[in-house]
Protein chains: 2
Amino acid sequence: MDTLETRELRYFMAVAEELHFGRAAERLGMAQPPLSRAIQQLERRLGVSLLERNRRGVCLTGAGEVLLHEGRAALDATTAAARRTRRAGGVGRPGGPRNRLMLAVKAAASHELLQKLLDAYAAEPDAAEIEVLPSGMCEQEEMLRDGRADVALMHTPFNSLAGFDSEELMAEGQIAVLPAGHPLAAREALSLADVGDIPDLPLARWPRHGTYPPGPGPEIHDQTQLAQLIALGRTMAVFPDSARAWLWAEHAAVPLTDASPVVTHIAWPPHSRSLALAGLIRTATRL
Amino acid sequence: MDTLETRELRYFMAVAEELHFGRAAERLGMAQPPLSRAIQQLERRLGVSLLERNRRGVCLTGAGEVLLHEGRAALDATTAAARRTRRAGGVGRPGGPRNRLMLAVKAAASHELLQKLLDAYAAEPDAAEIEVLPSGMCEQEEMLRDGRADVALMHTPFNSLAGFDSEELMAEGQIAVLPAGHPLAAREALSLADVGDIPDLPLARWPRHGTYPPGPGPEIHDQTQLAQLIALGRTMAVFPDSARAWLWAEHAAVPLTDASPVVTHIAWPPHSRSLALAGLIRTATRL
DNA sequence: TACGTGTGATACCCACCGGGTATGACAGGG
DNA sequence: CCCTGTCATACCCGGTGGGTATCACACGTA
């Protein structure tokens, strides 16, 4: 048959990501031989070879790469189904199954917008409960896909809206956040070229999907740490305008003339059918 | 655990669609008792009741409805993963795994556009093979989702682009296709109100997702049948401009002034990473 | 009221297979 | 040449998915 059980998918994903049966088995909490066998069975059932076993580890075939991508989406969809079903069945509170909406927002972004949105929505007559899920830099997409979130605030061009429905909420420019004492802090405006290679002030590096881009700047783990490093004159960063809200006295904000505008969207999985979600979207677009 | 196996999803979908354990079991090719038990286990594992067992049959709870929708998406994603992996692994032809692109098109639409697209793409230096998949009225979305197709030509407002990436290719008006002898066939133009209730010429009904909308007109199974019925003066239909290509001598086409324009898009799953697909899209947008 | 009918649930059994352990085959590196 | 690290094979066992037979129950209906 062509059924492709989720267990097999999980196994294959582990092997495809580790490229090593032993480590994959360990990650899966099982022994290596059954894992080998399961992958062999999967390959036989699909009629396709997914891995090339070299002497010394394995590597993916073309079909394996396809299954890695498509399987990720499929696994996310099934865990999303499980999570959302669990939440929908939230054990009988009075008033029937209250479906809480999970809203994913980048931790350090859109404070005012979020505040306005939550206030406006809470004032709606039949407002559902909204749980705000703080998320990392690019995590909202993943959270929407695997069902941890039902709706998210996203920021192009940092987030990709591919695969989601969305409505634009606002657009803003970007600023360079510098130590207040730095010479450039006195400027009226800067260009990306200006801030790209300040010799004594490297650009801070945020993790993207768990890894840091290369560069001379410090690796940033959270916003407070970044604020401190900027205040200490050790680094600088580029942020949307609305980041002014959390700047310190030791910081200076200088507009960037040629940075692409940051557009905030509200985004949700395209097949959503929830009334609460529809209400939230309506509220958001009316802000 | 929170794992939610594919088998369980299949079982639940069957029961949720049939709303009857016996019929669902029959559809699944198994006996009823194991199915009952499997659903019970699923409910216990999720900690949620999915079905309400009434004295005569069953009906869905709120959580059950959620799982029905989310589970459909998840199942489609897994079968898509299987199908695309199989195709990607197409047994070693010379020149490596030739990935054929599966292009879903509404059977009776966009003849010229499709012709132009295929010709232009075939002229590209590294063109992949393209297999054209004829599909029903609204079937392209489903085919993209479950992996039968990699890319599709879609027509808003008939198709929904939700959940796909897409590029607009062309827009056209709509026409009323009438029997040549009918009084209205002589008119220069018509409005929707004009054709909505012609007493002796009811609007033909196409199936949408397998079911026919209500109305007095005949139920249409394929385009030839429709063409015949129109030629016989028994019905009429509304089509995009490009349908003029296949009209018979016994047909008359009259522009509709107030019908919403039909926009043809090329659409594909948002996470696609295929070079061949990228080439086809590039070709299409340059037409 | 009693019985037939159709529903899903329960009881029990068996075979299959998913998982474990032990071991093999094989290629590199010191 | 052996040691190491890799994945594959061999074999065993327990859990469980699936089958059959039957139950419990609600509803018509005579």
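Per chain, numbering begins at 1; letters A, B, ... match sequence-line order.
Within the 4.5 Å cutoff, no side-chain heavy atoms of Leu42(A) are placed close to those of Tyr11(A). Contact check for Arg148(A) versus Thr79(A): no side-chain heavy atoms found under the 4.5 Å cut-off. Annotation: side chain of His20(B) is not in contact with side chain of Val58(B) (no heavy-atom distance under 4.5 Å).
In this structure, NE2 of His20(A) is placed 12 Å from P of dA8(D), rounded to the nearest angstrom. Per the geometry, CZ belonging to Arg37(A) stands 13 Å off P belonging to dA8(D), to the nearest Å. Atom C1' of nucleotide dA24(D) and atom CD of Gln32(B) are separated by 13 Å, given to the nearest angstrom. Between the C1' atom of dC17(C) and the CE atom of Met30(A) lies a distance of 12 Å, rounded to the nearest Å. The nearest whole Å value for the distance from the CG atom in Leu51(A) to the C1' atom in dA8(D) is 14 Å. When rounded to the nearest whole Å, the span between CZ of Arg44(B) and C1' of dT10(C) equals 13 Å. As rounded to whole Å, 11 Å separates atom C1' of dG18(D) from atom CG of Leu35(B). In this structure, the CD atom of Glu18(A) is 11 Å from the P atom of dC7(D), given to the nearest Å.
Looking at the side chain of Ala31(B), the nearest of the listed nucleotides dG19(C), dG8(C), dG19(D) is dG19(D). In the set dG20(C), dA9(C), dA22(C), dA9(C) carries the atom at the smallest distance from any side-chain atom of Arg53(B).
With hydrogens and angles left out, the side chain of Gln40(B) and the base of dA9(C) share no donor-acceptor pair within 3.5 Å. Taking 3.5 Å as the limit, the base of dG18(C) and the side chain of Arg7(A) contain no donor-acceptor pair of atoms between them.
Here Gln41(B) lies in heavy-atom contact (under 4.0 Å) with sugar-phosphate atoms only.
Side-chain N/O atoms of Ser36(A) and Gln40(A) include no donor and acceptor closer than 3.5 Å.
The existence of a salt bridge linking Glu65(B) and Arg273(A) is excluded, since no basic side-chain nitrogen approaches an acidic carboxylate oxygen closer than 4.0 Å.
Contact annotation: Ser36(A) reaches the phosphate of dA8(D) (side-chain N/O to OP1 or OP2, under 4.0 Å).
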